[in-house]
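Accompanying notes for the structure given below.
Computed from a prediction, not measured in an experiment: that's the story for all the values here.
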Amino acid sequence: MAFSKYDLMRLTSSEPFWLVKNGIIHSYPSLDRNIETDIVIIGAGITGSLIAHQCIADGYKTVIIDKREVCHGSTSATTSMLQYEIDKPLYELINLIGEEGAVLSYKACFDSIDQLQSLSKSIKSTCGFTKKESLYFASRKKDVAWLKKEFEARQKHGFPVKWLDGAAIKNAYQLESAHGGILSDQGGSIDAFQMAHDLLHYNHKKGLQIFDKTDVVDIKYRSKDVVIHTEFDNTIKAKKVIFCNGFESTEIIPEKIVNLLSTYAVVGEQNEDDQSHIENTLFWNTADPYNYMRTTDDKRLLIGGEDEDFVNADKRDALLKKKSAKLEKVVEKILPKYNFRVDFGWAGTFGETKDGLPYIGKHPEFKNAYFVLGFGGNGITFSAIGMDMVSAMLKDQPHELSEYFKFGR
């Protein structure tokens, strides 16, 4: 059950901004003995750290492992934009899964941003959590009609939104080439790399056992427990295993549940100019593939997008310079007065599910196992939702979102 395929794929390329900015915050040993525990979590990124926090809070003896240094997978490359908007617009999701499930999913993402803010404060994280508004704008005139339809769907179901025309957007944000958009009150930004490290460190002091550079080579799923064998011939015997390793889990799941893509991001140099018109807002547009943009807490502009429908690492990396230049031109087009010069550029793996929703729950092929796979642009908020879902599942209690996030849906 080794995930060797993903060693070749590499989840990120070049040096992501967060990794350079923060360095190795905390380091943990590899597993060098046989251990027993209640819960073992595979994947020590932002998802695994959130789930571990919940398991420790619920009183379970918990172990978390990662094949890399902790947080060095996708967590080091995420743009860390916290939005309640799912990759599928609400009106489309209603058509796909029904009104109840679509609205529940959107509201859960909405609430998860406040949950993450509260959690950040409670553990005294230095992740720079900042509450922001979110502007979803039409980059083409032809997109205005369906974007207004989306605005009406959100308004109908009680989400705090306003419609802005192109002139209002230009006046408020100095944004060119916007033909109208949905302004939402609810959004946020963090440094997910720092947040994950802070969560792990906080819970390590409460008994969480953390082992990085510990690769899994085999798992035996037995009637009452699981036994994990590592590359150094050690074993972890646990009552339950929770997979929080994102794209790497697709190596063992038999059916195809996600389309993997390559995505790109750049961060500009620190800019001491007045950024008050953009620093409190998350931006994303209706282009296909869409672009997304935010400022960082050290006065930089981050922009991402330019997705490609492949995951070959060498092919992806060869495009990094070209994609960085394209993203720089996007900034020049929509923020022509902004003095932007690329300082960091990187690429990573991104996933899209058929309905934009995560996979959280049990899989019939794996006894005593749960999966928390927050694919898509809402990976962090989906992972926060996963905390409540896993807590309920481990107690054999129902959860209102289980039917919509399950495998085989």
>> Walk me through whether Glu248 and Arg68 qualify under salt bridge (charged side-chain N to carboxylate O under 4.0 Å, His left out).
In response: CA-CA 12 Å; Glu248 292 178 340; Arg68 305 174 183 82; 2.6 Å; yes

>> Suppose we screen for ring-ring contact (aromatic ring centres under 6.0 Å, His included). Which residues come up paired with Phe340, at least two apart in sequence or across chains?
In response: none

> Would a line drawn from the ring center of Phe375 to the ring center of Phe247 be shorter than 6.0 Å?
Replying inline: yes

> Any Lys/Arg nitrogen of Lys315 or Glu308 sitting under 4.0 Å from an Asp/Glu carboxylate oxygen of the other?
Replying inline: no

>> I'd like to know if Lys333 pairs up with Glu176 as an ion pair, taking the criterion as any Lys NZ or Arg NE/NH1/NH2 lying under 4.0 Å from an Asp or Glu carboxylate oxygen.
In response: no

>> Whether the Asp111 and Gln115 side chains hold a donor-acceptor pair (N or O, under 3.5 Å, no angle test) is what I'd like checked.
In response: no

>> For Tyr28 and Gln209, which I'm curious about, is there any donor-acceptor pair between the side chains at under 3.5 Å?
In response: no

>> If only side-chain N and O atoms count, and only distance matters, is there a donor-acceptor pair under 3.5 Å linking Asp87 with Tyr290?
In response: yes

> For Met387, which of Thr47, Leu119, Val372 qualifies under side chain to side chain contact (heavy atoms under 4.5 Å, CB included)?
Replying inline: Leu119

> So among Tyr292, Tyr136, Phe137, which one has a ring pair (Phe, Tyr, Trp, His ring centres under 6.0 Å) with Trp284?
Replying inline: Tyr136

> If you count the non-hydrogen atoms of other residues, nucleotides and ligands that lie under 6.0 Å from NZ in Lys362, is the total more than 12?
Replying inline: no

> Between the side chains of Glu279 and Thr295, does any donor sit under 3.5 Å from an acceptor?
Replying inline: no

>> For a side-chain contact (heavy atoms from CB on, under 4.5 Å) check, start with the C-alpha distance between Glu85 and Glu150, then their side-chain angles and the critical distance, and finish with the verdict.
In response: CA-CA 11 Å; Glu85 297 96 335; Glu150 172 65 5; 5.9 Å; no

> With the threshold set at 4.0 Å, does a side-chain nitrogen-carboxylate oxygen contact exist between Arg300 and Glu269?
Replying inline: no

> Are Leu394 and Ile39 close enough, and set up right, to give a side-chain contact (heavy atoms from CB on, under 4.5 Å), and what steps lead you there?
Replying inline: CA-CA 10 Å; Leu394 288 173; Ile39 309 292; 3.9 Å; yes

>> More than 12 heavy atoms of other residues, nucleotides or ligands under 6.0 Å from CG of Asp273: yes or no?
In response: yes

>> Does either side chain, that of Ser134 or that of Gln83, offer a donor lying less than 3.5 Å from an acceptor on the other one?
In response: yes

> Do Tyr84 and Ser184 have a side chain donor and acceptor closer than 3.5 Å?
Replying inline: yes

> Checking ring-ring contact (aromatic ring centres under 6.0 Å, His included) for the pair Phe405/His399: CA distance, chi angles, key distance, verdict?
Replying inline: CA-CA 10 Å; Phe405 294 178; His399 193 281; 8.1 Å; no

> For Lys395, does the NZ atom have more than 12 heavy-atom neighbours from other residues, nucleotides or ligands under 6.0 Å away?
Replying inline: yes

> Centre of Tyr264's six-membered ring, under 6.0 Å away, within 45 degrees of the axis: is that where NZ or CZ of Arg316 sits?
Replying inline: no

>> Counting only heavy atoms from other residues, nucleotides and ligands, does the tally under 6.0 Å from NZ of Lys299 exceed 12?
In response: yes

> Going through the checks in order, is the ring-ring contact (aromatic ring centres under 6.0 Å, His included) test met by Tyr359 and Phe371?
Replying inline: CA-CA 7 Å; Tyr359 285 87; Phe371 292 81; 9.6 Å; no

>> Going by salt bridge (Lys or Arg N to Asp or Glu O under 4.0 Å), name the pairs with one or both residues in residues 130-141, residues two or more places apart or in two chains.
In response: Asp114-Lys131, Arg140-Asp143

